[in-house]
Amino acid sequence: MYPDLALKEKVTHGTPRNPIHALHLSAGEGTPFPDHFFVKRHWHNYIEIIFIQKGSYLFEINLENHYLSQGDICILNSEELHQITGLEPDTSHAVVLFDPRIIDFSYKDEWEQMYISPFLEQTLLLQNVIRSNDPGYPNTSVLVRKLLEESLEQRSGWYIRSKLLLLELFSHMCEQQMLLHTTEVLSPADTKKIERYKSVISYIEAHYSTPVSLEQMADTIPCNSQYLCRFFKEISGISPIQYLINYRIDQACAQLLTSSKSITEIALDCGFENISYFIRKFKEIKGSTPKEYRNMYN
């Protein structure tokens with residue numbers, strides 16, 4: 001699931017009846033992350049609570065870096081742009097993901113109006129990083145551990161107990177002033193910058209299989225192509241055209257491993273009109289030809 005994640009993640013976690021999903025992720029030999037854990041920059045609609053069990057990590061959240069180590073907790077709010085990098089070969093963490101709407105109430109009492117509705121509207125956000133020396137850490141840690149245990153083991157009645165723990169955690173974070181207004185987390189300029197970046201990425205993901213020009217990408221912001229290149233490279237480290245090529249190659253990799261289509265069909269499906277160019281770019285990025293890649297991983 002994680003290594004080839006699309007930037008706007010479309011994965012559904014849990015089920016419509018039980019929209020909570022927990023998992024344990026490790027890096028090292030014999031895992032999907034033999035060198036180190038890495039999830040490229042992306043965002044999603046659900047909330048993600050991560051408990052670091054071993055090692056240290058670099059979390060990039062809304063383009064700002066945070067270093068976390070064993071025992072630390074990270075909470076990623078809905079739609080927050082983030083990237084996760086394990087800083088050692090051997091790391092592990094547990095994560096619970098849930099649809100934020102499950103803490104909503106149909107009865108509009110004071111609690112709903114003051115806290116839950118603004119949270120669901122994303123004008124209030126949960127504090128991203130909670131460390132062992134933070135005042136609210138002890139109870140937060142206990143609740144997060146219980147939530148992970150319930151959601152991972154899934155004994156009879158686990159879902160309602162997990163939902164109650166989420167409400168208790170939300171209440172505790174409100175009391176500890178760990179619920180922050182959006183303007184305390186991001187300036188209007190940063191918010192605009194991130195939304196522009198998301199717009200370009202969303203356009204690439206929606207149109208990668210067809211011809212895409214710099215001008216078309218720039219129109220999504222809107223701006224001129226020179227500004228787009230500067231702006232995009234400042235965030236991602238590469239040009240928008242290079243990002244488009246990388247994304248097309250990633251989609252080609254997925255098709256090589258999950259379909260019986262020919263190399264030519266896959267190249268055309270992924271927006272490459274010239275097959276020789278596709279093979280050359282594939283080898284530059286992946287270190288092998290498409291045929292070698294398919295044979296190696298199948």
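Reckoned from all heavy atoms, side chains included, excluding hydrogens, waters and symmetry mates.
Counted by atom type alone, T31 and S26 present zero donor-acceptor pairs between their side chains at under 3.5 Å. Side-chain contact, H172 with T140: a donor N or O sits under 3.5 Å from an acceptor N or O. Residues W158 and E150 have side chains that never bring a donor and an acceptor to within less than 3.5 angstrom of each other. Of the N and O atoms on the side chains of Q242 and N246, at least one donor lies less than 3.5 Å from an acceptor on the other residue. A donor-acceptor contact under 3.5 angstrom links the side chains of S141 and R145, judged on distance only. For the residue pair H24 and Q53, a side-chain donor N or O sits within less than 3.5 Å of a side-chain acceptor on the partner. E80 and N77 form a side-chain donor-acceptor contact under 3.5 Å, judged by distance and modelled atom types alone. Under the 3.5 Å distance criterion, with hydrogens and angles disregarded, no donor-acceptor pair is assigned to the side chains of Q122 and T182. Using modelled atom types, one finds no donor on one side chain facing an acceptor on the other under 3.5 Å when comparing Y67 with S56.
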request  = Begin from the C-alpha positions of E284 and K281 and carry the test salt bridge (Lys or Arg N to Asp or Glu O under 4.0 Å) through to its verdict.
outcome  = CA-CA 5 Å; E284 280 179 17; K281 283 297 176 183; 3.3 Å; yes
query = After noting the C-alpha distance and the side-chain angles of C174 and W111, does the key distance pass the side chain to side chain contact (heavy atoms under 4.5 Å, CB included) rule?
reply = CA-CA 11 Å; C174 288; W111 183 260; 3.9 Å; yes
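Placement of I249 and I275 within a single hydrophobic cluster is found when ILVMFWY residues are connected by side-chain heavy-atom separations under 4.5 Å, directly or transitively. No continuous path of hydrophobic side-chain contacts links I52 to V142 [ILVMFWY only; heavy atoms under 4.5 Å].
A salt bridge between R248 and D269 is absent, with no side-chain N of the basic residue lying under 4.0 Å from a carboxylate O of the acidic one. Ion pair E79/K198 flagged as a salt bridge, since at least one NZ, NE, NH1 or NH2 atom sits closer than 4.0 Å to an Asp/Glu carboxylate oxygen.
Of the options L143, L76, V96, a side-chain contact (heavy atoms from CB on, under 4.5 Å) to I49 is made by V96 and by none of the others.
Judged by distance alone, with hydrogens and angles left aside, the side-chain atoms of K163 form a donor-acceptor pair with the main-chain N or O of I102 at under 3.5 Å.
Counting heavy atoms from C-beta outward, Q127 and I75 have side chains that stay 4.5 Å or more apart.
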